[in-house]
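Computed from a prediction, not measured in an experiment: that's the story for all the values here.
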Amino acid sequence: MPFEPATPGHVGIYVCGPTVYSDPHLGHARGPVVYDVLRRYFLHKGYKVRFVSNITDVGHLTDDADQGEDKIEKRAKLERLEPMEVAEKYTWSYFDAIQALNVLRPSIAPRASGHIPEQIELTERLLNLGYAYERNGSVYFRVRAFPEYGKLSGKRLEELRAGARVEVREEKEDPLDFALWKRAEPGHIMRWKSPWGEGYPGWHIECTAMSLKYLGEGFDLHAGGIDLQFPHHECEIAQAEAAGYRFARHWMHHNHVLLEGEKMAKSTGNLVLLHDLLKAHEPMALRFYLLQTHYRSPMDFTWEGLEGAKRGYTRLLQAYREVRQRRKTAPPGSTPELERALDALERAFFQAIEDDLSTPEALAAFFTFLPELNRLLPEAKEESLARTEALFHALGEGILGLFPQRVLEDQLSGPLLEGLIALLLELREEARRAKDYAKSDRIRERLKELGVIVEDTKEGPKWRLELV
């Protein structure tokens with residue numbers, strides 16, 4: 001079914017962002033990269049996009065329900081910092097990491113702690129409508145009063161009640177009821193004044209309040225991890241619709257990143273920190289790796305898979321660079337065979353992206369195109385090379401976000417490095433003509449140690465910089 005935005009020409013997207021209490025791991029990168037591609041696609045199509053992704057800096061408890069210790073407060077005690085120092089520190093740690101992955105900044109990145117009045121107002125509305133009740137300074141949503149609870153995840157209230165733990169929070173009317181506002185126990189640092197006493201908002205209320213505030217009723221798309229579908233997104237829907245508001249029209253959920261077949265999570269310690277990966281490996285190769293698996297499927301991270309992704313990304317990058325170089329000296333005119341190959345690339349790419357954002361198939365379209373490109377490059381003319389370069393930019397960078405200017409130019413060096421490598425390759429060719437193969441191999445190996453890969457072709461030796 002074709003996507004039609006609620007407001008013609010405008011797309012509103014809300015993505016559940018991070019809880020900022022520690023450094024991000026690789027699993028935290030998948031959602032931002034996936035939804036960045038979606039956003040870039042809409043921008044490519046000419047839409048104005050308001051992309052809202054929140055920062056949870058309050059109210060997210062250690063068991064993701066109504067019990068346990070606030071994750072940020074727990075970290076604050078561990079690091080002997082103020083809770084907002086912790087939130088600030090790890091907010092920027094997160095943004096630095098996803099910026100390195102060439103993810104566009106959100107239009108708005110609202111913080112839960114900055115929207116306490118909106119959350120209190122929504123809670124009061126639900127109380128007045130009979131969908132919520134107050135107990136000892138806490139306010140709970142009355143799930144039984146909202147029969148459609150479970151419609152997103154397909155869970156039925158009867159099944160949920162049968163499996164509920166009745167001993168949890170005896171002050172609740174029903175074990176399934178969830179907190180809109182929590183009273184602050186003695187010693188709890190993060191607390192705000194409310195009509196029910198000092199406390200803090202429940203986890204679910206922030207996204208409902210902030211998405212409606214910045215995107216309005218019936219906004220286009222709400223996205224997040226598959227683990228948020230229930231209960232978090234289910235609770236968001238219940239809060240919004242019970243309060244009389246139309247909520248998100250479409251939903252997207254990305255699946256987990258696995259490590260050794262297990263979900264990557266801070267709570268288990270089964271993780272790879274994102275900053276460590278970005279220091280040791282080219283960030284764009286990591287982005288490429290994340291896009292090789294469809295967003296709805298689990299992705300099993302392996303070091304062998306990352307190395308394979310680096311090789312694949314290098315092939316695409318080298319082709320793009322060579323097109324840019326050859327265009328400078330190409331004769332005028334077009335190359336019909338290359339034009340037909342470009343038509344096929346464009347058709348296959350958009351067919352993939354418009355089929356549930358199939359980034360693996362979009363990448364496959366490029367790799368199907370590469371053999372034809374390599375065959376036709378030596379005789380390609382300027383007009384066709386210009387179109388090739390434009391498509392690499394529009395599709396490969398504009399939508400997939402794989403070729404920022406940094407990888408095209410910073411590593412491409414400049415006249416000095418190009419001249420020095422050309423000189424070394426001339427010396428290597430002289431050694432080969434003189435049958436001094438030991439010297440020829442030594443030059444090649446030393447260049448490889450420096451990250452310069454030399455390949456002998458029919459047109460003579462070619463070189464490229466190896467990605468870290």
**OP:** Return the minimal non-hydrogen interatomic distance between Ala6 and Gly218, and the atom names on each side.
**Re:** CB-O, 3.7 Å

**OP:** Please list, chain by chain and in numerical order, all residues satisfying salt bridge (Lys or Arg N to Asp or Glu O under 4.0 Å) with Glu379, sequence neighbours excluded.
**Re:** none

Original post:
Do Asp23 and Leu274 have side-chain heavy atoms sitting under 4.5 Å apart?
Top reply: no

Subject >> Trp181 side chain near Ser194 side chain, heavy-atom distance below 4.5 Å >> reply: yes

**OP:** Could you label the plane-to-plane angle of the Tyr320 and Phe392 rings as parallel, tilted or perpendicular, counting under 30° as parallel and over 60° as perpendicular?
**Re:** parallel

**OP:** Scan for ring pair (Phe, Tyr, Trp, His ring centres under 6.0 Å) pairs involving residues 99-122, sequence neighbours excluded, and state none if there are none.
**Re:** His115-Tyr214

**OP:** Name the orientation class of the two ring planes belonging to Tyr313 and Phe403 (parallel below 30°, tilted from 30 to 60°, perpendicular beyond 60°).
**Re:** parallel

Subject >> Pair Arg387 + Glu339: basic N to acidic O under 4.0 Å >> reply: yes

Original post:
Parallel, tilted or perpendicular: which describes the rings of Phe247 and Trp251, with under 30° parallel and over 60° perpendicular?
Top reply: tilted

**OP:** State, to 0.1 Å, how close Ile399 and His44 come at their nearest heavy-atom pair, and which atoms those are.
**Re:** CD1-CG, 3.8 Å

Original post:
So, Arg249 side chain and Glu4 main chain: donor-acceptor pair closer than 3.5 Å or not?
Top reply: yes

Subject >> pair Arg40-Asn102: side-chain heavy atoms closer than 4.5 Å >> reply: yes

Subject >> Donor-acceptor side-chain pairing of Asn374 and Glu322 below 3.5 angstrom >> reply: no

Original post:
Side chains of Thr208 and Glu236: does their closest heavy-atom pair fall under 4.5 Å?
Top reply: yes

**OP:** Check Arg287 against Leu101 and note the closest heavy-atom contact, atom names and distance.
**Re:** NH1-O, 2.8 Å

Subject >> Minimum-distance pair of heavy atoms, taken over all atoms of Glu206 and Ile55 >> reply: OE1-O, 4.0 Å

**OP:** Please check if any side-chain donor atom of Gln239 sits under 3.5 Å from a side-chain acceptor atom of Tyr245, or the reverse.
**Re:** no

Original post:
What class does the angle between the rings of Tyr149 and Phe230 fall in, given that below 30° is parallel, 30 to 60° is tilted and above 60° is perpendicular?
Top reply: perpendicular

Subject >> Parallel, tilted or perpendicular, as decided by the 30° and 60° cut-offs, for the rings of Phe178 and His204 >> reply: perpendicular

Original post:
Hey, is Glu445 close enough to Arg442 for a salt bridge, meaning N to O under 4.0 Å?
Top reply: no

Original post:
Can Trp92 and Glu88 be said to form a side-chain hydrogen bond (donor to acceptor under 3.5 Å, both in side chains), step by step?
Top reply: CA-CA 6 Å; Trp92 288 110; Glu88 195 72 12; 3.0 Å; yes

Subject >> Phe349/Phe369 aromatic ring centres below 6.0 Å >> reply: no

Original post:
Is there side-chain contact between Tyr200 and Ser113, with at least one heavy-atom pair below 4.5 Å?
Top reply: no

Original post:
Would Lys213 and Glu121 pass as an ion pair if we require N to O under 4.0 Å?
Top reply: no

**OP:** Kindly compute the distance separating OG (Ser384) from CZ (Arg327), expressed to the nearest 0.5 Å.
**Re:** 11.0 Å

Original post:
Between the side chains of Glu389 and His393, is a donor N or O closer than 3.5 angstrom to an acceptor N or O?
Top reply: no

**OP:** Applying side-chain contact (heavy atoms from CB on, under 4.5 Å), run through Met299 and Asn255 and close with a yes or a no.
**Re:** CA-CA 8 Å; Met299 174 191 168; Asn255 218 314; over 6 Å; no

**OP:** Would you mind reporting whether Glu234 and Lys151 have side-chain heavy atoms less than 4.5 Å apart?
**Re:** yes

**OP:** Report yes if the side chains of Val257 and Leu259 come closer than 4.5 Å at any heavy-atom pair, otherwise no.
**Re:** no

Original post:
Do the side chains of Phe367 and Leu316 get nearer than 4.5 Å, heavy atoms only?
Top reply: yes

**OP:** Look up atom CG in Leu357 and atom OH in Tyr41, then write down how far apart they are to the nearest 0.5 Å.
**Re:** 9.5 Å

Original post:
For Asp356 and Tyr295, does a side-chain donor sit closer than 3.5 Å to a side-chain acceptor?
Top reply: yes

